[in-house]
Protein chains: 2
Amino acid sequence: MPTEIPDIVISRLPVYLRALERLTQEGQEVTSSHELGRRLGISSAQIRKDLSHFGGFGKQGTGYKIAFLKEQLRQVLKVEREWNVVLVGAGDLGSAIAHYRGFSDRGFHIISVFDNSAEKIGRKLSTYDIEPMSQLDEFVTEHDIRIAMIAVPAEHAQQVADTLVKAGVKAILNYAPINLSVPEGVHVQYIDPVLHLQRMTYYLSE
Amino acid sequence: MPTEIPDIVISRLPVYLRALERLTQEGQEVTSSHELGRRLGISSAQIRKDLSHFGGFGKQGTGYKIAFLKEQLRQVLKVEREWNVVLVGAGDLGSAIAHYRGFSDRGFHIISVFDNSAEKIGRKLSTYDIEPMSQLDEFVTEHDIRIAMIAVPAEHAQQVADTLVKAGVKAILNYAPINLSVPEGVHVQYIDPVLHLQRMTYYLSE
DNA sequence: ATTAGGATGTGTATTCTTTCACAAACGAAC
DNA sequence: GTTCGTTTGTGAAAGAATACACATCCTAAT
């Protein structure tokens with residue numbers, strides 16, 4: 001564990017965790033790398049090797065105790081705790097995100113929403129008050145927020161990102177269809193469903 | 001071009017295309033692999049190699065004519081035409097997707113929405129009438145739909161996927177937080193923002 | 001014409017990922 | 001206790017992807 005773990009390995013852990021949660025819901029208590037692999041379309045060797053970066057979580061001949069493995073993965077990913085998140089942008093997209101229950105169900109709590117449109121500020125969005133962008137910096141700093149979601153038009157996304165980074169945000173989930181440039185040590189993940197569609201159309205025969 | 005092109009290459013083409021569209025909006029007409037790489041955080045060599053799979057689109061000493069490169073990429077990805085898509089699931093998530101303008105802006109038109117909840121059927125969702133699930137199969141077959149989006153609860157997603165596949169759908173954008181198993185030749189892409197968040201928290205220091 | 005400054009396309013080297021395959025270990029059955 | 005079927009964890013091999021580096025080509029300026 002002294003060497004750095006490849007990001008591609010990290011990116012699969014949440015997938016494993018999600019599958020394990022599903023197995024729990026189905027009432028199962030033990031699983032194997034083969035079963036997981038079959039479900040996920042990943043080779044069992046890959047799963048074992050990925051997990052082995054963090055320790056030996058399984059038992060030979062038996063497999064993995066699901067509850068234990070989930071707990072270990074949660075700790076590795078640092079999602080055994082709850083995280084507070086800010087959302088920037090209260091348009092259609094921001095609105096959908098604010099209403100989506102899936103975030104807080106899995107430990108990510110939106111604690112404030114920001115927008116710069118005069119008519120939106122002060123209004124309610126879901127259970128949140130929409131705050132003016134001018135207070136974004138201060139809010140992030142004061143509440144020591146590390147994670148933000150950007151749901152503003154592409155033209156404003158970089159500027160918002162700059163503000164967030166300056167205020168100390170280290171992880172950005174960007175819904176704006178544009179690449180952000182951020183300093184070393186700040187992580188960005190992109191969500192643009194159209195990119196996924198365009199990737200699949202390549203394979204669609206005439 | 002006789003050899004199969006790696007999927008990882010395909011997955012980057014939409015990103016290039018998006019960046020090129022942005023450059024156009026900014027009034028630029030020519031670019032280089034270096035400039036693109038800088039913007040995207042990708043090495044220029046990678047961009048050149050990716051593009052070279054499909055032909056020589058650039059000119060030495062000059063770079064790439066943006067309009068031409070966009071057109072080429074659109075053809076490669078088969079997004080120079082418009083695509084019809086069905087959406088399954090008219091809950092919060094499906095509703096947000098139906099209202100999202102970004103799809104049809106980029107050539108993907110939702111032409112029908114399906115749900116199995118008696119109270120939703122017949123209602124309007126955005127500009128669409130919500131149709132009963134029982135007609136999904138027939139509709140997809142009749143209209144020769146190749147692409148579907150799934151926005152139903154995880155428990156029902158596999159069953160919906162099976163129906164879609166049987167009716168001839170070849171590409172599924174799955175918003176349900178679960179892995180789908182589909183036969184060879186059917187493509188699935190996943191959207192689960194929580195996975196992205198969990199991937200980033202790994203890197204957040206205490 | 002010639003030269004200088006860039007930029008592409010690509011063969012090669014390097015690095016990163018995945019798969020293979022097997023020793024070691026476990027549990028159940030007898 | 002021993003055997004058998006199974007499953008992990010992991011070195012080593014194979015395979016893929018990325019980065020390097022340079023010959024080639026292009027434009028513009030002199």
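For clarity, every value in this text was computed on a predicted model and none was experimentally measured.
- Remark: B:K78 qualifies as a cation-pi partner of A:Y202 under the 6.0 Å distance and 45° angle criteria applied to the six-membered ring.
- For the pair A:Q72 CD and D:dG9 P, the computed distance is 12 Å after rounding to whole Å.
- Nearest nucleotide to the side chain of A:Q46, out of C:dT19, D:dT18, C:dT10: C:dT19.
- When the C1' atom of C:dT19 is taken as reference, atom CD1 of A:I47 falls 13 Å away, rounded to whole Å.
- Atom C1' of nucleotide C:dT18 and atom CG of A:D50 are separated by 10 Å, given to the nearest angstrom.
- In terms of position on DNA chain C, the residue among B:A45 and A:R12 whose nearest nucleotide sits closer to the 5' end is B:A45.
- Of the candidates D:dA17, D:dC26, C:dT10, D:dA17 carries the atom nearest the B:P6 side chain, counting heavy atoms from C-beta on.
- Checked against D:dT10, D:dC26, D:dA17, the side chain of B:K59 finds its nearest nucleotide in D:dC26.
- Comparing atom distances between the B:S32 side chain and each of C:dA25, D:dC26, C:dA7 picks out C:dA7 as nearest.
- When the C1' atom of D:dA23 is taken as reference, atom CZ of B:R48 falls 13 Å away, rounded to whole Å.
- Atom NE2 in B:H34 sits about 12 Å away from atom C1' in D:dC20, given to the nearest Å.
- With DNA chain D read from its 5' end, the first of the two nearest nucleotides for A:G61 and B:K49 is the one closest to A:G61.
- A sub-4.0 Å separation between OP1 or OP2 of D:dT7 and a side-chain N or O of A:T62 is absent.
- At a cut-off of 3.5 angstrom, counting only N and O atoms as typed in the model, there is no donor on one side facing an acceptor on the other between the side-chain of A:Q60 and the base of D:dT7.
- You'll find the side chain of A:L173 stays beyond 4.5 Å of the side chain of A:Y190, heavy atoms only.
- Residue B:Y64 places none of its side-chain N or O atoms closer than 4.0 Å to OP1 or OP2 of D:dC26.
- A:Q158 contributes a side-chain N or O that, together with a main-chain N or O of A:S181, makes up a donor-acceptor pair within less than 3.5 Å.
- A:S33 has a side-chain polar atom (N or O) that falls below the 4.0 Å cut-off from OP1 or OP2 of D:dT8.
- The CG atom of B:L69 sits 11 Å away from the P atom of C:dT8 (whole-angstrom rounding).
- Using a 4.0 Å cut-off between charged side-chain N and carboxylate O, A:E21 and A:R74 make a salt bridge.
- Distance, B:L51 CG to C:dT8 P: 9 Å, rounded to whole Å.
- For B:R12 and B:D7, the salt-bridge test fails: no basic side-chain N is under 4.0 Å from an acidic carboxylate O.
- Counting to the nearest Å, the C1' atom of C:dT17 and the CD1 atom of A:I10 are 15 Å from each other.
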